[in-house]
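Notes to accompany the following structure.
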Amino acid sequence: LIIRPAGKAQRPRVITPFPSPKLMDLPQFQGEHKESLYWGTYRPHVYFGIRARTPRSLVAGLMWIGVKDGMYHMRHVCQDSDELNTYGWTQHNGRDFGHQVLVDQGLKLTTSFLKSKSEGSGYGGDWAVQIDVQTDKPELDNEMLRHGHLFFYLADESGHVLSLAGDNLDTDKNSLLASGSRSDIGDWQLHLKSKEVLEVHYSGFRTPHIHNLSDLVQHNLGAQVRKFGQLLLSDSSEDSPNILVFQISASIPFKADIAFVSGTKVKMSKVKERVSRLTGASLTSLLQDKQTEFDVKFEQRFNVADKLEPESTIVGKAAIANMLGGIGYFYGQSKISIPENSSLRGHDNFISYWPAELYTAVPSRPFFPRGFLWDEGFHQLLIWRWDVHICLDIIGHWLDLMNIDGWIPREQILGSEALSKVPEEFVAQYPSNGNPPTLFLVIRDLLDGMEKNKFTATESNRITSFLERAFVRLEAWFQWYNTTQKGKEMGSYYWHGRDNKVTRELNPKTLSSGLDDYPRASHPSDEERHLDLRCWMLLAANCMQSITQLLKNDKKPEKEYGSTAKLLSDFDMLNQMHLHPLVGAYYDFGNHTEKVRLSWKETRPFFPFMGKIIPSDSWILGKQLDLISNSTVFWTDYGLRSLSKTSSMYMKRNTEHDPPYWRGPIWMNMNYMILSALYHYSKEDGPYSDRARVIYDDLRGNLIRNVVRNYHQTGFLWEQYDQKKGKGKGARLFTGWTSLVLLIMAEAYT
Ligand code: 6A9
């Protein structure tokens, strides 16, 4: 009998952090860098929200009352059912400025964010919000549309009490709304100013459940309407409130400027000057300067002025602005599924990962406002080109989520606000399951950029020291894939964790691959060979080898990566394992359908082509170009299909509730990768370069035209595009990898 001393129980391996110094503890992420990114619009799941990059922050946000079909509706958390005509950042620099336009039926709101550090400011500086409310139907004599109601709130996640400036708020006389104190920023104050006459009411709450804020406000308003027949907050508060909501009402049009200043206790902190600088005409002019700065940087980074029509440029700006404006900060614990036969399995069928922070871009603010591992690699292809420090900070956070086995959970649902958006059955993460290691795409870009002197000396130094520290983690990550996902034959891989007991699905899904319902072997087994994973492994091995060379550390087992890379780029071996020799097309391999026998499955021209593995003079390259450009296979006027039209599963539902997802529609990340390969082959000597160029030009034109048209018609970037008519599909306001359209405009490829 072994009795462990109390309190010394060993942590289960799966929730043990990787034992090496954290990336986020690197000096480059401290000091000025850290402070400069402290406050931000890091709450992408709400229409407008601010918080700091700290686990228990003071958070701010906006709600308003929208009018639809003669009814009032509260707007707060981004929801598709709100049916906004459009919303999103038209400009954002990821640091101290953003400009967002929201159209809600007749109402047009503009929310601008500005951050500024001046003499006297506390840690992280001050910030301001300008909210501009207009209507496009001023002629309507509709009472409901003549008055605008905004609700601006502050909530302290750590429970500190917020003090109200007074019971009767009259911002004409005194702009102060509230104040408080925190250990991170010192004393702070919130001010409100406007040229117009505002009516201000308030309500205070005490609760740790900030994610229920919409309900709290709606209840308060509902009670007021029932009692007094008016849509105004009660001007009352629970004891020691940690949430204060201010209702700002005025006749439309009006503008409200909100200034948050910190470090206000210190003498000479110049509160008055700072507030007046961050409101009124001064704020407007500061915002204008930032807009110009954004436009200049956009042109300097993406160089698209000569290449684009003005309506395309608008979409390109929205793409980068939403990518940066969608960056969030999350804190919490992932839930990790534990297998049925495990001794860890007690009351719950999951255990919690360690509490962790994640700073990350998100695929979609209304639908998926959280981190996704393989999406993030694509996001960073845009972000590093804008601000490499933000990019490293994000990748660093992701690598710090690695456990001792070298595994990183795929979907990050951290904290109660994130959890409240996900149905329970989708929450748990499986330690047997991976997701494409796309962070290597970014690292390859960074290495390439350093070689071509694209970075300043400081940037290069930071990238190098980042990679020095990241090396052991990247190595463990590589090994995790290389061991847990390997196939029976040398040089073969398959996505583990597919369910071989499902009977109700047309084809068991492979969520880990990121391509969800893309058809694979009908009977999952260890005989499978997945071409996409094999190509990701080649990318990873190449990248590891390049890092080893850069770091010139002979203790690092460079040879090993070199030989893996060599093995995986062996063209003959690739062809033996995955090529149908007569058709010249590439396939997965596994047990298939009715007769259940080992055979090739689904034409996949994409992956070896995207990996640029095919020699430029090979007849197979010609065959690949045939498949891509053939409209009975992959080609459409709007981009390439995700599945060949000839497939038996083309546009088939997987279950009654599961419409086709990666079985036909056009996805931007895959199209971007193919364009990148076409661009490459068009520049390589060989018999196919001219043809590659023609296809490249056509495909690029089709993609841009279609995304731009959809944006102007619908007000949004979409998750995918329909392969028949090019119509946006799936989640709208999907500003994750669909934003790659900007890199396509700029012809900036990996
Ligand atoms: C399910 C539903 C309110 C699916 O963009 C994120 C991912 C991609 O990584 C993946 O490749 N999307 C793609 O096939 C969206 C996944 C959403 C799963 C959440 C819960 C909640 O709806």
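Remember, it's 1-based here, ligands and their atoms both numbered in the order they're listed. Note that the numbering runs from 1 along the sequence shown for the chain.
Residue contacts with ligand 1 include P423, since one of its heavy atoms falls under 4.0 Å from the ligand.
Ring pair W536/W374 is perpendicular by interplanar angle, where above 60° counts as perpendicular and below 30° as parallel.
The protein non-hydrogen atom at the shortest distance from atom 4 (C) of ligand 1 is Y661 OH, 3.3 Å. Looking only at protein heavy atoms, the nearest one to atom 3 (C) of ligand 1 is K421 O, 3.8 Å. When hydrogens are left out, the protein atom nearest atom 11 (O) of ligand 1 is G514 O, 2.6 Å; that is the closest non-hydrogen contact. Among protein heavy atoms, the minimum distance from atom 9 (O) of ligand 1 is reached at D375 OD1, 2.6 Å.
A salt bridge does not link D637 to K725: none of the charged nitrogens lies less than 4.0 Å from a carboxylate oxygen. Ion pair R370/E411 flagged as a salt bridge, since at least one NZ, NE, NH1 or NH2 atom sits closer than 4.0 Å to an Asp/Glu carboxylate oxygen.
In terms of modelled atom types and a separation under 3.5 Å, the side chain of D348 and the main chain of F350 share no donor-acceptor contact. A distance-only check finds no donor-acceptor pair linking the side chain of T438 to the backbone of L441 [under 3.5 Å].
Within a 6.0 Å radius of NE2 in H219, no more than 12 heavy atoms belonging to other residues, nucleotides or ligands are found.
Compare F426, F368, F378 by their heavy atoms: the one nearest to atom 20 (C) of ligand 1 is in F426.
The residue K509 has no part lying near ligand 1, judged by heavy-atom distances below 4.0 Å. Of the heavy atoms in Y518, none comes closer than 4.0 Å to ligand 1.
For H76 and Y153, the distance between ring centers is under 6.0 angstrom.
Taking only nitrogen or oxygen atoms, main chain and side chain alike, E719 does not reach within less than 3.5 Å of ligand 1. At under 3.5 Å, a nitrogen or oxygen of D516, whether backbone or side chain, sits near a nitrogen or oxygen of ligand 1. Backbone and side-chain nitrogen or oxygen atoms of W662 are examined, and one is located within less than 3.5 angstrom of a nitrogen or oxygen of ligand 1.
W667 pairs in a ring-ring contact (aromatic ring centres under 6.0 Å, His included) with only one of the listed residues (Y518, Y661, F378), which is Y661.
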